[in-house]
Amino acid sequence: MSKAFQKCLNLKYPIIQAPMAGVTTIDMAAQACRAGAMASLPLSHLDFRIAKDFEQFKSMISQFRTHVANESLEKNINLNFFCHDILNKPTKLQIDNWVKLYERSLNIPIDVDKINFKNGNVSFKAFERDDALHDFFQYLADEFKPKVISFHFGHPSKSTIKYLQRHGILIFVTATSMKEFHLLAKLGIDGIVCQGYEAGGHRGNFLVNDSKNDENLSTAQLVKRAVTELAVMRDKGHVYYIPLVIATGGIMDSKDISYMLSQQADGVQLGTALLGCNESNASENFSKPFTSHSETRMVNIVSGKPARTILTRFIEHLLTTFQGEELPPYGYMYNAFKQVKRTYPELTNFLLAGEGFQSVQSDIATDQLITKLGKSIAKN
Ligand SMILES: Cc1cc2nc3c(=O)[nH]c(=O)nc-3n(C[C@H](O)[C@H](O)[C@H](O)COP(=O)(O)O)c2cc1C
């Protein structure tokens with residue numbers, strides 16, 4: 001079993017509590033951290049070009065440190081950003097199509113004038129383009145340096161990567177295919193989060209954008225191929241260092257964790273497994289067991305990017321009504337959906353979760369679950 005990840009990050013367990021936008025709470029992250037895992041805070045909802053959002057970020061970190069209340073552990077945190085290509089505003093045609101789709105599938109009137117088609121998920125690339133990272137970098141240098149900063153949907157510029165690494169921060173990026181893994185390894189990324197197709201939430205793909213050309217590799221296959229590829233790259237002298245390989249997707253219990261470690265993954269990132277924990281914003285949705293007929297689907301017409309979600313009535317209606325029309329881009333469409341959801345919460349049940357959702361444990365604190373999983377890894 002590889003201990004590189006634990007050693008390099010001084011963790012009790014080779015576990016990362018996955019960043020889960022909208023679901024992870026500060027308490028959840030603090031408990032994961034105190035229990036001996038790497039905590040994560042999702043920051044994709046913040047626009048660092050706006051002073052108020054940057055203040056919110058600082059307040060989140062301060063609350064996290066207070067909750068952890070242990071200076072030797074508080075740096076075991078991963079700050080997570082979305083790093084997709086910068087997308088254009090939606091066209092009138094895309095907005096009209098979206099309104100018609102929602103009216104048809106939900107059978108409700110949509111007043112387009114009341115929907116704000118503003119980008120709700122501004123990419124880290126926009127912060128780089130608009131030179132909006134000065135305060136953030138200063139904060140990392142003067143106030144608080146996390147051990148890891150991670151990116152989903154792509155990677156930042158070489159200069160940002162080198163800057164953060166020079167300041168002793170490890171950069172983690174999600175890969176969903178070997179093409180992406182290879183590129184990230186050559187770029188000098190410190191930890192590559194190998195996300196299999198079974199994973200819950202948004203798929204972090206950034207090179208293969210057409211699902212027809214996507215091999216949709218499982219977590220186990222991606223990890224096995226990644227480990228083999230690294231050995232080849234090292235032999236050929238293509239990488240001067242060896243990135244950490246983190247497995248994510250469908251890992252629900254200690255046996256799953258042990259299996260990934262036996263395949264030479266350095267660590268695992270758990271998302272769905274933690275959805276039912278008391279501190280999760282989604283815990284209510286997982287308080288009762290699902291029927292054995294419940295399923296998940298990979299769906300790209302809610303947010304604009306593929307995401308694995310439980311097949312609720314809302315998703316069923318949307319999928320049967322959708323005729324392939326052009327819809328607004330990610331960020332804009334997701335934000336519009338969230339506005340409809342606020343008015344019609346019972347009609348718009350969008351529950352991001354992975355294939356392992358049937359075995360989510362509820363009524364358990366995050367620190368208890370991490371400790372239980374961590375302790376039983378060694379026994380397997
Ligand atoms: C509800 C939910 C929200 C997520 N949000 C994020 C996010 O903000 N950033 C990120 O890098 N990954 C996010 N993910 C993906 C996780 O990091 C991870 O890849 C995934 O949960 C692994 O699969 P699993 O859910 O089967 O454990 C999310 C996953 C879920 C289930």
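Counting starts at 1 for both ligands and their atoms, following the listed order.
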Which protein residues have a heavy atom closer than 4.0 Å to any atom of ligand 1, listed by chain and number?
A18, P19, M20, A21, V23, P42, N80, F82, H152, Q195, A199, G200, G201, T248, G249, G250, Q269, G271, T272, L352
Which Ile, Leu, Val, Met, Phe, Trp or Tyr residues join I50 in one cluster when any pair of side-chain heavy atoms under 4.5 Å counts as a link?
none
Is the shortest side-chain heavy-atom distance between H45 and Q56 below 4.5 Å?
yes
What's the verdict on side chain to side chain donor-acceptor pair (under 3.5 Å) for T320 and E316, showing C-alpha distance, side-chain angles and the deciding distance?
CA-CA 6 Å; T320 44; E316 257 175 22; over 6 Å; no
Does N88 CG have over 12 foreign heavy atoms under 6.0 Å away?
no
If the condition is salt bridge (Lys or Arg N to Asp or Glu O under 4.0 Å), which residues does E295 pass it with, not counting sequence neighbours?
R297
Output all residues satisfying side chain to side chain donor-acceptor pair (under 3.5 Å) with Q138, sequence neighbours left out; order by chain, then residue number.
D142
